[in-house]
Each structure stands twice: as C-alpha cells, then as structure tokens.
Amino acid sequence: MAFEVSPVQSDDYAEFERVFRAGFGEIPETTTQAELDFFDWCDLLAARQDGRIVGTAGSYPAELTLPGAVRLPTAAVTSVSVSPTHRRRGVLSAMMAEQLAAVRGAGVPLAVLTASEATIYSRFGYGPATMAADFVIPGRARALRQPIPVGDTRLLSQDEARKTLPELYEPVARTQVGELSRPDGWWALANSRDMAKNFAVVHRSEGIDDGYAIYGVEVKWEPGVSQNRLRVDELVAHSPAARSALLRFLLEVDLIESVYFRVRPVEDELRWLLADPRVLRARSVRDWLWVRPVDAAAVLSARRYRVADRLAIRIEDELCPWNAATWSVEGSPDGAECRPAPTGSDPDLTMGPAGLGSLVLGGVNPSVLVDAGVIGAAAGFDRDRADLFFGANQAPFCSTAF
Ligand SMILES: CC(C)(COP(=O)(O)OP(=O)(O)OC[C@H]1O[C@@H](n2cnc3c(N)ncnc32)[C@H](O)[C@@H]1OP(=O)(O)O)[C@@H](O)C(=O)NCCC(=O)NCCS
C-alpha cells in the first residue's frame with residue numbers, strides 16, 4: 001500500500017512524536033509538553049499510510065557560521081524516523097526529497113543534521129563537516145600543568161539559566177565556524193530537559209559574564225568512598241582565560257572519581273592544561289554536523305576563502321538538479337563569487353553534494369577527499385592550491401545537538 005508525505009499540523013504533534021520515539025525504541029509516554037511546544041518552531045513532514053503516521057522528519061530555521069564568520073540561513077533537520085513496521089520501503093527517501101524541495105522553495109541554501117548512523121545521509125547529499133570528541137579522565141589525578149586563576153564563578157537556577165545561557169552563547173555562535181544559532185524554542189526545550197537535573201556554572205571577569213558550562217553529577221557511593229562521575233555537556237567561553245577558568249572549576253569539583261567531557265573539539269586545549277596529558281583519554285572521535293548544500297552556488301559565493309584564487313568545480317546532484325553544473329568559484333578572504341563556468345570549461349574538481357558539504361566549512365582538505373575517492377580531481381591538479389583555497393583558519397566545530 002502506498003504512503004504519502006505531507007506537512008503536519010498541531011493536532012498531529014502527539015502522534016508525530018510517538019512515531020518518532022518508537023523509531024528510536026523509546027517509550028512514548030515520556031513525551032513532555034516542552035517537546036510538543038518545540039514543534040511550533042519546526043516545519044514537520046509525515047509519511048502516512050491509511051491515515052496513520054509511519055515516518056517523521058522536521059526542520060527548524062537556524063543560521064550556520066561559515067568561514068569568514070558569514071552566517072547563512074539553514075534548515076536544521078531533526079526528528080527523522082521511520083516506524084519499525086515500514087522500514088526499507090523508501091519512506092525516508094520520499095521524506096528527504098520532499099524536505100529538500102521545501103527548503104529550496106523557502107530560499108534556504110543549506111540543510112544540516114546530526115546523524116544517528118554515519119551510513120544514512122550521504123545518499124541524500126549530506127557530508128560530514130565537523131568532528132567532535134568525547135574525553136574522559138578516569139581517576140582523581142587531574143592536576144594542572146600550571147596554575148590557572150580560580151576566577152569568579154556562580155551557579156545558576158533553572159530560571160536564571162533560561163535567560164543567561166542564550167545571551168552568552170550567541171556571540172560564540174556568530175564567530176565559531178560550524179556553529180549554529182539556537183532559536184528560543186531550542187533553548188526552551190533544552191532548559192526543560194537539561195536544567196532540571198544539571199548545573200549551569202557561569203564565569204565572570206571584571207563584572208561581565210564571559211562563559212558557562214553545563215554539567216551533571218552521576219552520584220554513586222561505595223561504602224565510605226564516592227565514585228561520582230561528573231559529565232560536562234557544554235562549555236562556552238568568550239576568551240581562552242574564561243575557558244581555562246571553567247575547565248579548572250570542572251576538574252576540581254569535590255567527590256568526583258572521573259570526569260567525562262561530551263562533544264568537544266578534537267583539538268581541545270584541555271589536554272594542554274593538564275600536568276599529565278595522558279590521563280585524558282579520547283572515548284569517541286566522530287562526525288558531528290552533516291552539511292547539505294541546497295543552493296550550492298549561494299553557499300560557494302557566501303563563504304570566504306583562505307587565499308585569493310579561482311577554481312572550476314563540477315557538481316553532480318540528482319536530488320537537487322539546479323546545482324548540477326560546472327561552477328567558476330573566485331574567492332578570497334574578503335569575499336567570493338560563484339558563476340556558471342564558460343561552456344566547455346574543464347573542472348579542477350568534480351564532486352557530489354556530500355563532497356561539497358564536507359568542504360564548505362573547511363574541516364577537511366580537498367586533497368584528503370581526492371585521495372579517498374570521495375571527490376575527483378583533474379589530472380595534474382595542484383592539490384596544495386585546492387587545500388589552501390578551501391581550508392579554514394579555524395577548525396570548524398558545532399556544539400549544538402538537535
Ligand atoms: C534510518 C531510517 C530513517 C531509514 O528509513 P527507511 O525508510 O528504512 O529508509 P529508505 O527505505 O528510504 O532507504 C533508502 C536507502 O537508504 C538505505 N538505508 C536506510 N537506512 C539505512 C541505515 N540505517 N544504514 C544504511 N543504509 C540505510 C536503504 O537500504 C536504501 O538504500 P537503497 O536506496 O540503496 O535501496 C530508519 O531505519 C529509522 O527510523 N531508524 C531509526 C531512527 C534513526 O536512526 N533515525 C535517523 C535519525 S538521524
């Protein structure tokens with residue numbers, strides 16, 4: 001029996017959430033009002049068969065920071081799931097095609113997501129564009145290499161966190177390549193989920209708040225000895241000094257047997273603050289943000305490039321055929337233009353949308369993708385030239401979960 005994909009209105013939020021959760025093996029009864037309220041911020045699509053929802057996909061409007069601190073409107077894709085009863089029949093494929101068409105129709109040049117599995121989304125033109133690492137320090141040996149000023153810190157109430165954290169996050173999102181804006185609905189949901197059971201600590205310098213961390217303590221006592229694990233969910237700072245002070249705070253909380261840092265930059269400076277860097281163990285180094293150029297020419301024109309140069313790039317894109325062309329990209333640190341290349345131009349690089357998605361934030365060099373066979377290069381192509389052009393001065397990083 002055929003299914004159809006169509007938008008979801010508020011009457012169907014509860015059913016949408018139930019099917020979404022079931023796809024992840026989660027019990028629907030735990031759905032909260034805040035989760036349903038978040039859907040007002042989203043464009044939701046459902047696949048229906050016989051009037052029942054069998055697949056879910058949504059997105060909310062955000063902005064992604066590209067090299068050069070340029071922000072582009074972006075569809076942040078979320079709530080993707082297909083009922084266990086309807087898998088491998090093309091439901092996801094149909095929803096992805098519909099969603100990309102809607103994003104294009106709204107004039108939004110980018111879509112992004114985080115993936116439950118790294119095997120799902122390249123076929124829809126998403127490429128991994130930022131990496132993230134989890135780190136653990138097992139045991140109580142967490143001495144610092146050199147003293148870090150203790151700083152002025154305070155813990156926030158849940159209400160205070162609701163107001164203060166968005167204000168502290170926003171300047172970082174504006175300047176950090178790969179970071180996403182977070183609409184108020186995102187914060188409302190995060191606050192209801194996280195701040196009831198975690199702590200928010202704020203750092204202050206010279207009377208001005210300049211960073212925060214969100215952490216939780218999993219409490220466990222063996223007779224007479226604490227085995228507590230401190231889990232750091234987020235650390236946002238406006239300066240290296242504020243970041244170091246917050247890290248010191250987190251490393252020195254009492255009664256903690258191990259510290260776990262979630263979703264950190266792979267090159268986290270934490271390692272360099274420790275007297276014994278080897279106590280820091282990487283638990284997982286993985287793809288985090290996946291980027292899908294929906295309007296490739298708009299994206300290539302918007303971002304900045306590390307050096308002034310011009311490359312011809314052929315894009316092959318069946319799902320978004322308006323991208324399929326050879327483009328001449330002339331860019332520099334100050335700006336860029338992307339135009340159709342003159343007819344008959346030979347491309348320097350050839351790629352699908354997923355390859356381009358991986359290059360957009362400068363998180364990987366084109367030469368690596370050429371070597372891996374992800375993208376193609378003309379014979380005799382100068383790899384250093386492409387690497388210099390596309391590289392970013394700052395490693396892209398996204399901390400936002402959605
Ligand atoms: C991932 C999921 C959404 C796929 O839905 P689906 O309707 O079965 O996907 P489709 O039938 O449209 O599959 C399209 C293609 O992707 C492949 N595919 C689907 N899920 C895949 C997976 N998890 N790993 C690898 N390939 C996958 C299919 O084999 C098919 O390949 P083909 O075009 O070569 O035949 C579904 O399995 C699911 O809900 N999983 C649990 C929740 C989840 O992980 N959601 C994603 C959140 S980011």
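Each ligand, and each atom within it, is numbered from 1 in the order the structure gives. Heavy-atom basis, side chains included; hydrogens, waters and symmetry copies ignored. Note that the numbering runs from 1 along the sequence shown for the chain.
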Item to complete: Starting from atom 23 (N) of ligand 1, find the nearest protein heavy-atom neighbour and note its residue, name and distance.
Response: Glu117 OE1, 2.8 Å
Worksheet entry | Nearest-neighbour protein heavy atom for atom 24 (N) of ligand 1, which is reported as residue plus atom name and distance | Thr119 OG1, 3.0 Å
Worksheet item: Any salt bridge between Lys220 and Glu218, counting N to O under 4.0 Å?
Response: no
Item to complete: Please say whether Ile120 places an N or O atom under 3.5 Å from an N or O atom belonging to ligand 1.
Response: no
Fill in: Nearest candidate to atom 7 (O) of ligand 1, where distance is taken over non-hydrogen atoms, out of Val77, Thr56, Leu92
Leu92
Worksheet item: Can you name the residues that form a salt bridge (Lys or Arg N to Asp or Glu O under 4.0 Å) with Arg87, not counting sequence neighbours?
Response: none
Worksheet, complete the sentence: Of all protein heavy atoms, the one nearest atom 38 (C) of ligand 1 is Arg87 NE, 3.4 Å
Practice prompt. Could you please spell out the steps behind the salt bridge (charged side-chain N to carboxylate O under 4.0 Å, His left out) verdict for Arg306 and Asp387?
Written response: CA-CA 9 Å; Arg306 196 151 49 172; Asp387 289 359; over 6 Å; no
Practice prompt. Answer yes if the side chains of Asp37 and Tyr13 hold a donor-acceptor pair under 3.5 Å, and no otherwise.
Written response: no
Discussion item. When you compare ligand 1 with Val82, is there at least one nitrogen or oxygen pair between them that comes in under 3.5 angstrom?
Written reply: yes
Worksheet item: Donor-acceptor pair, Trp288 side chain versus Arg264 backbone, under 3.5 Å?
Response: no
Discussion item. Would you say CD of Glu167 has more than 12 non-hydrogen atoms from neighbouring residues, nucleotides or ligands within 6.0 angstrom?
Written reply: yes
Worksheet item: Nearest to atom 45 (N) of ligand 1, what protein heavy atom do you find, and at what distance?
Response: Val80 O, 2.9 Å
Response to the item:
Near Gly23 (heavy-atom distance under 4.0 Å), the atoms of ligand 1 are 41 (C), 42 (C)
Item to complete: Considering heavy atoms of the protein only, find what lies nearest to atom 11 (O) of ligand 1 and give residue, atom and distance to 0.1 Å.
Response: Gly90 N, 2.8 Å
Discussion item. Can you see whether Ser399 engages Arg182 through a side-chain donor-acceptor pair at a distance of less than 3.5 angstrom?
Written reply: yes
Worksheet item: Heavy-atom contacts under 4.0 Å between Arg88 and ligand 1: side chain, backbone, both, or neither?
Response: both
Practice prompt. Can you pull out the closest protein heavy atom to atom 14 (C) of ligand 1? Residue, atom name and distance to 0.1 Å, please.
Written response: Ser93 OG, 3.2 Å
Practice prompt. Measure the shortest side-chain to side-chain distance between Val259 and Val232 over non-hydrogen atoms and say whether it is less than 4.5 angstrom.
Written response: yes
Practice prompt. Could you list the atoms of ligand 1 found under 4.0 angstrom from a heavy atom of Tyr121?
Written response: 46 (C), 47 (C), 48 (S)
Worksheet item: Side chain, backbone, both or neither: which part of Arg123 comes within less than 4.0 Å of ligand 1 when only heavy atoms are counted?
Response: side chain
Discussion item. Taking 4.0 Å as the limit for heavy-atom contacts, which would you say applies to Phe20 with ligand 1: side chain only, backbone only, both, or neither?
Written reply: neither
Fill in: Plane angle bin for Phe389 and Tyr305 - parallel if under 30°, tilted between 30 and 60°, otherwise perpendicular
parallel
Discussion item. With ring pair (Phe, Tyr, Trp, His ring centres under 6.0 Å) as the test, pick out the partner of Tyr215 among Phe199, Tyr260, Phe261.
Written reply: Phe199
Worksheet item: Which atoms from ligand 1 have a heavy atom of Arg89 less than 4.0 Å away?
Response: 11 (O)
Practice prompt. Show the numbers, then the answer: is there a salt bridge (charged side-chain N to carboxylate O under 4.0 Å, His left out) between Glu35 and Arg21?
Written response: CA-CA 11 Å; Glu35 282 162 338; Arg21 280 178 174 265; 2.9 Å; yes
Discussion item. Could you check whether any heavy atom of Thr114 sits closer than 4.0 Å to an atom of ligand 1, since that is the contact criterion I want to use?
Written reply: yes
Discussion item. My question is simple, although I want it checked carefully: is atom 35 (O) of ligand 1 less than 4.0 angstrom from any protein heavy atom?
Written reply: no
Discussion item. Students should be able to answer this: which protein heavy-atom is nearest to atom 44 (O) of ligand 1, and at what distance?
Written reply: Ser116 OG, 2.5 Å
Fill in: Atom CH2 of Trp272: over 12 foreign heavy atoms under 6.0 Å
no
Worksheet entry | Numbered atoms and elements of ligand 1 in range of Ser81, under 4.0 angstrom, heavy atoms | 39 (O)
